[in-house]
Amino acid sequence: MKRKAASPRKTAAPFSSCFADTEVLILEDGGISPHDISPMRAGLLLKKIEQHGGTAEVIPANEVLEGRLRAREQRDSKLSRATHVVLSKSLEGKVPALVERLRREKNKDTNENGTIYAPLPLTVGRSCQVVSPDWVSDCLLHRQLVDPRPYLLSLDRAERNEGGDAYTEAATKREEAAEPTAGGTKKARLSHPSASTPTVVSPTHAAIEARLAPFSDLDPTTRDAFFAYGGPLVLSKPFSASFPKFACQRPAPAQHPNRHLTPLFEDLVEMYGLGVGDKERETAFGRVLAVLRAWPWKVRESKELKGIRHVGGSMRAVIEEILMTGRCSRLEKLREDSSHRCLLDLCRVHQVGHATARKWYEAGYRSVAQIQADLKRAEETGDGEEQAGGEVERYLGSTFCTSQRPSMEQLLGILFVDEYSVKMTRCQVAALEGIVREAALKALAARGLGAETLLLQTCGGYLRGKALNGDADVLVSCTQAQGQAGLREEIKRIMQEDMGIDLLILKEGNTMGGFASKPTHEKIASHDNMLTLIKHEGFYRRLDVISPPPDQWAFCVLGWSGSKQMEKDLRDYADEQGLHLSQQAVFRETKRLTNPKSIDGVFHSEEDVWEFLGLKYLPPRLRCA
DNA sequence: CGGCGTACG
DNA sequence: CGTA
DNA sequence: GCCG
């Protein structure tokens, strides 16, 4: 039964123009109590003001207090002057400092570091009124611009300290203009009708909007997706209490507000994993990194993260140091160690991790370049015989090859170390996908199967929307099982023989007949895959082609889409539900689930899998944890 | 204090 | 042990 | 390093 086409939205008339001609500057303070202006609340206020005909902008109060306003942020400002400034009660005591800072920022063009400040979007001391957020709520409630006087912040301290300046003169005038007996005191401290009932902006919808607000720099698609994601958010509790335990329960967009923290955590993960070789520490930092990538607003104090799973004392200490100094002494200490630097360099080679790098290091090799030099010597002193497609053999007599016995893959990794590090644009990944598609269509056509039976999806970072990718993970299958059998092998052959493509095969998996065994005694045909270097536009590109049977399609797409942390947490989460998730299927105890939906026993899409696990679906672009 | 994702080559 |  |  279809929905009425013209079903009017419940919120048919949510808009008014009560904020017309007002330009509101909201100072967000990062607090989470009902009286604070959390980023969530700030976003909500902003949205509401804009919906009702006004203009608004959110500025972090800390940045004003600390003089960290950036010229760029100011240039982007929609406001040339504010008619109202919204401050929380918790900042009331800081009003003098804020006023002072606002005036200073307004009057100077550069700070001590030479950073250029654009004029603040605030005409201090003119008609601008500093009010509590409840003014906004009450305007909304009455659908009109209410008298701001009861909501004015107390400026007595400001008056005392800053006597005679334009701001306090205006403030004084405002107070004089007010009924002399209003409240019986000049200190009209946030007293107003709804002071005892903290502004309730409760619907789930509002919560989602608010959670969305910090992501205003997201592209519209991601923004909409994030909007659609309800998430386990409870406004009545502190946000940290409703922050989900698992990465698969929270959206993590590529562009997130904590990029002042994540790059250093990425470095810590790499350093502990490859440099130090402490994989437990690596996972610990990786989990915190995932938290930061999903935290919906800019962390300003490490204590905001108190109580979040995986973020313990030493993690908060690291965060605090980065917030205070922009640096991480712990990481710097590790970087000073030259052995760590060498190990990281050696790990650039494909098929070389911490253990192999250490082995080579202990044998005296300090860099990839050094190994390349060794190989080059062998090439020059050797017979130099050219062997088509077999240049590797030329080096087999080198000191390095005889003493370290690198695998063929590693040798290729050394020779092509620069090519491996070159990333592809999305366009180039799409081109590789096109090549695989062409080969797959030919293979299917040869079996009398049409294009409509082709299943093809490029997963990995590409599917998550990454602009640059180190490889292309292309999944290929066929809705008809007989079309999938041997498909990957056929694609390889067509690419090499019919299309004349230069393919270096690094690895080929189960060319049929392999079975997954671990979680079940039931036999499940595993994926047919290959890892190759494909020459394209003059570069060798890493191309993975994976071909699962059609009934495993959804699990495979999910399993190859990442991020790594997302995959880990999906499995952890499944375990907690008494289930087992693999790239082939979901298992309960030891038996594969074949008929969970009691319809036809097939998971057709990623969505089906998420739903079965009891998870809100996260589109790939929100899996950047 | 054990465990940290998991299957595969 | 390294990779996805 | 953090959790159960």
Side-chain angles (χ1 to χ4, degrees), chain A residues 245-248 265 268-269 272-274 276-291 305-319 330 346-360 405-410 413 420 459-463 469-475 505-511 513-520 524-532 542-546 548 552 555-576 579-587 625:
Chain A
K245 288 166 69 177
F246 297 97
C248 52
F265 271 79
L268 283 161
V269 169
Y272 276 105
L274 299 179
V276 182
D278 180 343
K279 68 180 199 304
E280 284 72 38
R281 227 53 61 107
E282 179 191 17
T283 63
F285 280 101
R287 286 162 168 171
V288 176
L289 179 54
V291 167
L305 297 172
K306 209 170 208 161
I308 300 299
R309 198 161 90 125
H310 303 307
V311 188
S314 21
M315 290 298 178
R316 289 201 303 277
V318 171
I319 290 168
R330 195 159 154 178
L346 293 170
C347 284
R348 288 158 54 220
V349 176
H350 187 65
Q351 280 287 311
V352 174
H354 173 78
T356 307
R358 170 134 299 197
K359 200 180 86 185
W360 290 357
R405 307 246 163 213
S407 68
M408 196 64 84
E409 255 184 287
Q410 289 168 336
Y420 270 103
C459 300
Y462 177 79
L463 188 57
N469 289 275
D471 68 354
D473 304 304
V474 184
L475 270 59
I505 312 293
L506 296 180
K507 205 163 259 176
E508 274 183 283
N510 317 306
T511 315
F515 294 98
S517 51
K518 200 57 172 298
T520 175
I524 293 178
S526 60
H527 311 149
D528 191 7
N529 51 167
M530 64 178 186
L531 207 162
T532 70
R542 294 185 1 67
L543 170 68
D544 283 8
V545 179
I546 304 99
Q552 297 178 19
F555 298 99
C556 205
V557 171
L558 179 58
W560 282 82
S561 294
S563 66
K564 187 174 170 184
Q565 194 61 45
M566 201 51 83
E567 304 294 344
K568 286 181 173 187
D569 277 18
L570 273 167
R571 285 166 159 79
D572 277 350
Y573 177 85
D575 282 353
E576 209 183 59
L579 300 170
H580 181 88
L581 177 68
S582 84
Q583 285 181 350
Q584 275 88 31
V586 193
F587 304 86

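Just so you know, these numbers come straight off a predicted model, no measurement behind them. The sequence lines fix the lettering, A, B, ..., with proteins before strands; numbering per chain opens at 1.
- A:V288 comes within 4.0 angstrom of no nucleic acid atom, judged by non-hydrogen atoms across all strands.
- One distance of note links CD1 of A:I546 with CH2 of A:W560; it measures 3.5 Å at 0.5 Å rounding.
- Phosphate contact (OP1/OP2 of D:dG4, side-chain N/O of A:R309, threshold under 4.0 Å): present.
- A close approach under 4.0 Å does not occur between any side-chain nitrogen or oxygen of A:R571 and OP1 or OP2 of B:dT6.
- Counting non-hydrogen atoms under 4.0 angstrom, A:D278 reaches nothing in the nucleic acid.
- Which of C:dG2, B:dT6, B:dC4 sits closest to the side chain of A:D575 comes down to B:dT6.
- Contacts of A:K564 with the nucleic acid, taken as non-hydrogen atoms under 4.0 Å apart, include base atoms.
- D:dG1 atom P lies 11 Å from atom CG of A:L268, rounded to whole Å.
- Atom NZ in A:K568 sits roughly 7 Å away from atom C1' in B:dG5 (whole-Å rounding).
- In this structure, A:K279 atom NZ and B:dG3 atom C1' are separated by 10 Å, rounded to whole Å.
- Among B:dT6, C:dA4, B:dC4, the nucleotide with an atom closest to any side-chain atom of A:L531 is C:dA4.
- Side-chain nitrogen and oxygen atoms of A:T283 include none within less than 4.0 Å of the OP1 or OP2 phosphate oxygen of B:dG5.
- The separation between A:E567 atom CD and B:dG5 atom P is 12 Å, rounded to whole Å.
- Between A:R330 and D:dG1, a side-chain N or O to OP1/OP2 separation shorter than 4.0 Å is present.
- Rounded to whole Å, the separation between the P atoms of D:dG1 and B:dT6 comes to 24 Å.
- Among the atoms of the strands shown, only primed sugar atoms or phosphate atoms (P, OP1, OP2) are found under 4.0 Å from some heavy atom of A:G313.
- As rounded to whole Å, 14 Å separates atom P of B:dG9 from atom CG of A:D544.
- The separation between A:L506 atom CG and B:dG9 atom C1' is 13 Å, rounded to whole Å.
- Of the possible donor and acceptor atoms, one in the side chain of A:E567 sits under 3.5 Å from a partner among the backbone N and O of A:G562.
- Taking every side-chain heavy atom of A:E280 into account, D:dG1 is the closest of C:dG2, B:dT6, D:dG1.
- In terms of position along DNA chain B, the nucleotide closest to A:D572 lies nearer the 5' end than the nucleotide closest to the other residue of the pair A:D572 and A:Q351.
- A 4.5 Å side-chain heavy-atom check between A:D575 and A:H580 finds at least one atom pair inside the cut-off.
- When all heavy atoms of A:R330 and A:S314 are compared, the closest pair comes out as NH1-CB, 4.4 Å.
- Residue A:N529 is classed as having no contact, given no heavy-atom separation below 4.0 Å to the nucleic acid.
- Comparing B:dA7, D:dG1, C:dC1 against the side chain of A:H580 picks out B:dA7 as the nearest.
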>> Walk me through whether A:D544 and A:N529 qualify under side chain to side chain contact (heavy atoms under 4.5 Å, CB included).
In response: CA-CA 7 Å; A:D544 283 8; A:N529 51 167; over 6 Å; no
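- The side chain of A:R542 has C:dA4 as its nearest neighbour among D:dC2, B:dC4, C:dA4.
- Checking side-chain atoms of A:Q351 against main-chain N and O of A:E409 turns up no donor-acceptor pair under 3.5 Å.
- B:dG5 and C:dG2: their C1' atoms are spaced 15 Å apart (whole Å).
- Contact record, A:T283 with A:K568: CG2-NZ, 3.8 Å, taken as the closest heavy-atom pair.
- The side chain of A:T356 approaches C:dG2 more closely than any other nucleotide in the set B:dC4, D:dG4, C:dG2.
- Counting to the nearest Å, the P atom of D:dG1 and the CZ atom of A:R316 are 14 Å from each other.
- Look at CH2 on A:W560: it is 15 Å from P on B:dA7, rounded to the nearest Å.
- Dashed line: the shortest gap from a side-chain N or O of A:H527 to OP1 or OP2 of B:dT6 is not under 4.0 Å.
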